[in-house]
Amino acid sequence: MVYNRHHKDEEGSLDDLVGLHELKRYLRNGVWAILKNPEKAQKYKLTIPNGLLLYGPLGCGKTAVAKKFAAECRMNYAIINAQDIASTLIHGTQRLVRQLFTQAALYAPIILIFDEIETMVPNRNNPDNVKVAEDTNAFLSELNTCAERGIFVVDTTNRPQFMDSAILRSGRFDKKVYVPLPDEETRTNIFRCYLHGRPLSERIDYQQVSRLTASGYISSDIRQICDEVASRAFCEDAIITQELIEQVIRDGGPSVSKNELRTYEEARKYLEPAAKYSPYINQIGFR
């Protein structure tokens, strides 16, 4: 069995995430409001979207968005990885995909989170992917009807260029959101979050350390910096100072290079045509 039911016993909500205001509004008004008001939705002939695609650099919290949304709504959810639907049998993956969605419908409303979706629906135009074309077709077929079964699909990827283009058409993923690197305000809040409660100097300049991590730093980079700072202070039995934080930043480096950022921006122009002409304000981080 590839599907595991997860009850929403954990606490949390979308408010635990910094930024992403438009995405939060979309999830609350365009998904949860419809699910909890079925009669009103029927009156307006509305159903939940078939799916949401979150793409962007690794480590910026794409999966966390889906999990926090599920927690806020007290919905069941399941995180699906490529190995969960992999099979060496002929048509085995297709059967597992159908089984997954059939079982999910029994626990609707439910969120299915497909992590690294590009590994499950690779581009069929690539000669190396000919053998998985039927598997991709099976997945796309299930996506066409998941909304009417109370299944909300959230896909995450940090390599959108490797996905099959058919998955992007309207009716499969009705919303595509670029989850970018955290901006200066978000980085400041992330530092505050991960340094909170530790033995700190009273002279920590959060805006300064945010500026020092302006280029290529993701949320998980900042968490690692804070953990390393705490570890060094622990070994010296000292408090955490501004100088120590800046030293740790200098000793490390960002996860995302300028070349990688350019790749994401190009993908964004392809997936979200409006991004060519207007700024996209969504940012993400953790409080």
Side-chain angles (χ1 to χ4, degrees), residues 6 8-20 23-24 54-72 77 79 81 83 113 115-116 119 156-159 178-264 282-287:
H6 295 263
K8 293 318 304 144
D9 295 326
E10 64 186 78
E11 296 180 358
S13 73
L14 290 172
D15 290 332
D16 294 331
L17 304 174
V18 175
L20 275 179
L23 177 55
K24 292 176 185 177
L54 300 177
Y55 68 99
L58 186 68
C60 285
K62 297 181 290 295
T63 303
V65 172
K67 291 176 66 176
K68 288 296 183 180
F69 176 60
E72 178 174 310
Y77 75 93
I79 300 178
N81 298 296
Q83 59 266 29
I113 306 168
D115 203 21
E116 298 183 348
T119 62
T156 71
T157 179
N158 60 307
R159 298 186 298 172
Y178 176 53
V179 182
L181 298 178
D183 61 9
E184 183 173 331
E185 179 183 357
T186 304
R187 293 193 305 276
T188 298
N189 288 330
I190 296 172
F191 271 110
R192 289 185 183 276
C193 169
Y194 288 126
L195 290 174
H196 177 72
R198 307 193 193 202
L200 294 175
S201 164
E202 295 181 357
R203 300 177 59 185
I204 300 298
D205 187 341
Y206 290 100
Q207 291 185 328
Q208 171 63 12
V209 295
S210 176
R211 287 191 288 268
L212 292 175
T213 52
S215 179
Y217 284 83
I218 59 179
S219 302
S220 55
D221 287 339
I222 297 175
R223 178 173 187 170
Q224 186 174 4
I225 289 170
C226 295
D227 288 343
E228 176 62 20
V229 164
S231 177
R232 294 190 188 186
F234 171 80
C235 291
E236 298 294 330
D237 195 20
I239 64 172
I240 296 171
T241 64
Q242 178 77 16
E243 293 75 16
L244 179 57
I245 298 173
E246 292 186 11
Q247 182 60 53
V248 170
I249 293 173
R250 288 193 294 269
D251 290 344
S255 291
V256 182
S257 68
K258 291 182 179 180
N259 286 337
E260 288 174 314
L261 274 179
R262 281 194 289 269
T263 299
Y264 287 120
N282 284 345
Q283 304 291 340
I284 189 168
F286 295 93
R287 282 184 181 163

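These numbers come from the heavy atoms of this one structure, side chains and all, not from hydrogens, waters or symmetry mates.
- Contact of the Ile225 side chain with the Phe191 side chain is registered, since non-hydrogen atoms from C-beta on lie closer than 4.5 Å.
- Ionic pairing of Arg232 and Glu236 is not present here: no N-O contact between side-chain nitrogen and carboxylate oxygen is shorter than 4.0 angstrom.
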For a side chain to side chain contact (heavy atoms under 4.5 Å, CB included) check, start with the C-alpha distance between Ile204 and Arg192, then their side-chain angles and the critical distance, and finish with the verdict. CA-CA 10 Å; Ile204 300 298; Arg192 289 185 183 276; over 6 Å; no
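- To the nearest 0.5 Å, the span separating CD1 on Ile245 from CG on Leu200 amounts to 7.0 Å.
- Tyr264 is not listed as a side-chain neighbour of Leu181, based on a closest heavy-atom distance of 4.5 Å or more.
- Panel note: side chain Asn189, backbone Thr186; no donor-acceptor pair is recorded below 3.5 Å.
- By the 6.0 Å contact criterion, CG on Asp251 is enclosed, its count of non-hydrogen atoms from other residues, nucleotides or ligands being greater than 12.
- Here the side chains of Thr156 and Val179 are not in contact, with every heavy-atom distance at 4.5 Å or above.
- Residues Tyr178 and Pro57 form a side-chain contact, since some pair of their non-hydrogen atoms from C-beta on lies under 4.5 Å apart.
- One side chain, Glu246 or Gln242, offers a donor N or O that lies under 3.5 Å from an acceptor on the other.
- At distances below 3.5 Å, at least one donor-acceptor pair connects side-chain atoms of Thr241 with backbone N or O atoms of Leu244.
- To the nearest 0.5 angstrom, Asn158 atom CG is 9.0 Å from Asp115 atom CG.
- Between atom CD1 of residue Ile222 and atom SG of residue Cys193 there is a gap of 10.5 Å, rounded to the nearest 0.5 Å.
- Glu72 places no side-chain N or O within 3.5 Å of a backbone atom of Phe69 that could act as its donor or acceptor partner.
- Panel note: side chain Asp221, backbone Ser255; a donor-acceptor pair is recorded below 3.5 Å.
- We find the CD-NZ distance between Glu116 and Lys62 to be 9.0 Å, quoted to the nearest 0.5 Å.
- The closest donor-acceptor contact from the side chain of Arg198 to the backbone of Cys226 lies under 3.5 Å.
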I would like to know whether Thr63 and Leu54 meet side chain to side chain contact (heavy atoms under 4.5 Å, CB included); could you show each step before the answer? CA-CA 8 Å; Thr63 303; Leu54 300 177; over 6 Å; no
Using the rule given for side chain to side chain contact (heavy atoms under 4.5 Å, CB included), can you reason through Lys258 versus Ser215, listing the C-alpha separation, both sets of side-chain angles and the distance that settles it, and then say yes or no? CA-CA 8 Å; Lys258 291 182 179 180; Ser215 179; 4.3 Å; yes
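- A 6.0 Å sphere centred on CD of Glu185 holds no more than 12 heavy atoms belonging to other residues, nucleotides or ligands.
- Of all non-hydrogen atoms in Ile218 and Leu58, the two that sit nearest each other are CD1-O, 2.9 Å.
- Using modelled atom types, one side-chain atom of Asp205 and one backbone atom of Gln207 make a donor-acceptor pair closer than 3.5 Å.
- Interatomic distance, NZ of Lys68 versus CG of Leu14, reported as 9.0 Å (0.5 Å rounding).
- With Lys67 contributing its side chain and Ile113 its backbone, the two residues share no donor-acceptor pair below 3.5 Å.
- Under a cut-off of 6.0 angstrom, the local environment of CZ in Arg250 is crowded, with over 12 non-hydrogen atoms contributed by other residues, nucleotides or ligands.
- Among all heavy-atom pairs drawn from Cys60 and Pro182, the shortest one is SG-CD, 4.3 Å.
- In this structure, Arg187 contributes its side chain and Thr213 its backbone to a donor-acceptor pair below 3.5 Å.
- Note that OH of Tyr217 is 10.5 Å distant from CD of Gln224, once rounded to the nearest 0.5 Å.
- Counting only distance, with no hydrogens or angles, the side chain of Thr188 and the backbone of Glu184 share a donor-acceptor pair below 3.5 Å.
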